[in-house]
2 protein chains.
Amino acid sequence: MIEDMKFLEEQAELLKVIAHPVRLCIARGLWRSGSCNVSHMQCCLEVPQSTVSQHLGKLRQAGIIEGERNGLEITYRLKDERVKAILSCLFSQ
Amino acid sequence: MIEDMKFLEEQAELLKVIAHPVRLCIARGLWRSGSCNVSHMQCCLEVPQSTVSQHLGKLRQAGIIEGERNGLEITYRLKDERVKAILSCLFSQ
DNA sequence: TTATTATATTTGTATATTACGATTTTTGAA
DNA sequence: TTCAAAAATCGTAATATACAAATATAATAA
């Protein structure tokens, strides 16, 4: 019997949110550049606007990113330290 | 346009394999203890034998674990360094 | 041999995830 | 006001995943 199943489920959930090529790409981009607005992500990723927005929604809901509105645009940035650490495991050198 | 989409897809796939509470529990257990046989995992996890075996199959197929047979039993161990690094991000102190 | 234990694989099915067009909301400018 | 741009949400079809029962395989002992 595992006592901390709840904790394991939370960590698995965190991994699941970044375990998608588009979301991982967004997270890595934010980790590298600091911030980015949605339009720019869209043209980099070459997927429809609604698809990008849905992936951003998942990342946002998980508390991995947060957005700040500047006029029409919303600029996102990474805000989860565990995710930053995982990204550095996967993408450092 | 992202040039290394293939690489991103591989890394996302790796994350997806460990992004499940049972598989994450198995991976963490092997990371902590070095090795474990299937029967012992089963009684810790309290899920049916076929379910444990299917999760082990996914981990094995992804190259994250490998098993060695000793008589009737098979002892697994972690063999992926990236996964060890991710586990230490999630579970160190 | 036959029986038993440990593990893997197959199969059916329920559930979850994903993609994407259409629509809506929010904001700022004319 | 009205319009256009940026982003979010909705509806839904396609795909993937998880699960457990049943069956198969591998190793050992009697």
Side-chain angles (χ1 to χ4, degrees), chain A residues 2 5-6 8-27 29-30 35-79, chain B residues 1-2 5 8-27 29-30 35-79:
Chain A
I2 306 295
M5 221 3 134
K6 273 275 158 54
L8 273 168
E9 280 165 11
E10 288 167 14
Q11 306 300 98
E13 187 54 41
L14 182 81
L15 290 173
K16 196 153 66 171
V17 176
I18 59 172
H20 182 287
V22 169
R23 294 193 294 269
L24 190 58
C25 190
I26 290 171
L30 294 176
S35 68
C36 186
N37 66 39
V38 183
S39 313
H40 187 245
M41 293 180 200
Q42 267 167 239
C43 72
C44 289
L45 290 166
E46 300 178 279
V47 295
Q49 181 269 322
S50 68
T51 302
V52 174
S53 191
Q54 277 181 133
H55 286 302
L56 288 170
K58 287 206 174 189
L59 290 163
R60 192 170 359 96
Q61 212 176 329
I64 293 171
I65 63 175
E66 71 182 354
E68 187 186 12
R69 186 177 276 275
N70 300 110
L72 288 179
E73 299 185 342
I74 296 177
T75 297
Y76 279 98
R77 63 176 196 77
L78 261 188
K79 70 176 232 198
Chain B
M1 50 283 276
I2 306 294
M5 221 4 134
L8 273 169
E9 281 166 9
E10 288 167 13
Q11 305 302 96
E13 185 54 40
L14 182 82
L15 291 173
K16 196 152 64 172
V17 176
I18 59 171
H20 182 285
V22 169
R23 293 194 294 270
L24 190 58
C25 188
I26 291 171
L30 294 177
S35 68
C36 186
N37 67 39
V38 182
S39 313
H40 187 245
M41 293 180 200
Q42 267 167 240
C43 71
C44 288
L45 290 166
E46 298 177 282
V47 295
Q49 181 268 323
S50 68
T51 302
V52 174
S53 191
Q54 280 175 90
H55 287 303
L56 288 170
K58 287 206 174 188
L59 290 163
R60 192 170 0 96
Q61 213 176 329
I64 292 171
I65 64 175
E66 71 182 355
E68 186 186 13
R69 187 178 274 276
N70 301 110
L72 288 179
E73 297 185 342
I74 296 177
T75 296
Y76 280 97
R77 62 177 197 77
L78 261 189
K79 70 176 231 197

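So you know, we letter chains A, B, ... as the sequences are listed, proteins then strands, and number each from 1. What you see below is based on every heavy atom in this structure, not just the backbone, and it leaves out hydrogens, waters and symmetry mates.
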Asker: Not counting sequence neighbours, which residues clear salt bridge (Lys or Arg N to Asp or Glu O under 4.0 Å) with A:K16? List them please.
Answerer: A:E13

Asker: State, with a plain yes or no, whether a side-chain heavy atom of A:I26 is found less than 4.5 Å away from one of A:V22.
Answerer: yes

Asker: Between D:dA6 atom C1' and A:L56 atom CG, what is the distance in whole Å?
Answerer: 12 Å

Asker: Between B:H55 and B:L45, is any pair of side-chain heavy atoms under 4.5 Å apart?
Answerer: no

Asker: Distance check, rounded to the nearest 0.5 Å: A:E10 atom CD versus A:L14 atom CG?
Answerer: 9.5 Å

Asker: Hey, does B:Q42 have a side-chain heavy atom less than 4.5 Å from the side chain of B:V38?
Answerer: yes

Asker: Please examine the side chains of B:L78 and B:I64, heavy atoms only from C-beta on, and report whether any two atoms are closer than 4.5 Å.
Answerer: yes

Asker: For nucleotides 10-15 of chain C, give me every protein contact, N/O to N/O, under 3.5 Å, one pair per line with atom names.
Answerer:
none

Asker: Taking side chain as C-beta onward, heavy atoms only, is A:Q54 less than 4.5 Å from A:V47?
Answerer: no

Asker: Taking only heavy atoms on the protein side, list every residue of residues 60-77 of chain A lying under 4.0 Å from any atom of DNA chain D, sorted numerically.
Answerer: A:R60, A:L72, A:E73, A:I74, A:Y76

Asker: May I ask you to evaluate whether B:H20 reaches the phosphate of D:dC19, defined as a side-chain N or O under 4.0 Å from OP1 or OP2?
Answerer: yes

Asker: Between atom NZ in A:K58 and atom P in D:dA8, what is the gap in whole Å?
Answerer: 15 Å

Asker: If you take any heavy atom closer than 4.0 Å to DNA chain D, which residues from residues 36-47 of chain B end up in contact?
Answerer: none

Asker: Excluding sequence neighbours, so at least two apart, what forms side chain to side chain contact (heavy atoms under 4.5 Å, CB included) with A:E66?
Answerer: A:R77, A:K79

Asker: Would you kindly give the CD-to-P distance between A:Q49 and C:dA22, to the nearest whole Å?
Answerer: 13 Å

Asker: So does B:E73 get a backbone contact from the side chain of B:N70, meaning a donor-acceptor N/O pair under 3.5 Å?
Answerer: no

Asker: May I ask you to test the A:I65-A:R60 pair for a side-chain heavy-atom distance under 4.5 Å?
Answerer: yes

Asker: Report yes if the side chains of B:L8 and B:I2 come closer than 4.5 Å at any heavy-atom pair, otherwise no.
Answerer: yes

Asker: Taking CG from B:L59 and P from D:dA18, how many angstroms apart are they, rounded to a whole number?
Answerer: 11 Å

Asker: Without decimals, in angstroms, what is the distance between A:E13 CD and C:dT17 P?
Answerer: 7 Å

Asker: At what distance, to the nearest 0.5 angstrom, does CE of B:M5 lie from CG of A:L24?
Answerer: 9.0 Å

Asker: On the nucleotide C:dA16, are OP1 or OP2 found under 4.0 Å from the side-chain N or O atoms that A:K16 carries?
Answerer: no

Asker: Which comes earlier along DNA chain D counting from the 5' end, the contact point of A:T51 or that of B:T51, where each point is its nearest nucleotide?
Answerer: A:T51

Asker: With heavy-atom distances below 4.5 Å as the criterion, would you say the side chains of B:L59 and B:H20 are in contact?
Answerer: no

Asker: Take the C1' atoms of the five end pairs on each side of the helix from C:dT1-D:dA30 to C:dA30-D:dT1, derive the two axes, and give their angle rounded to 10 degrees.
Answerer: 10°

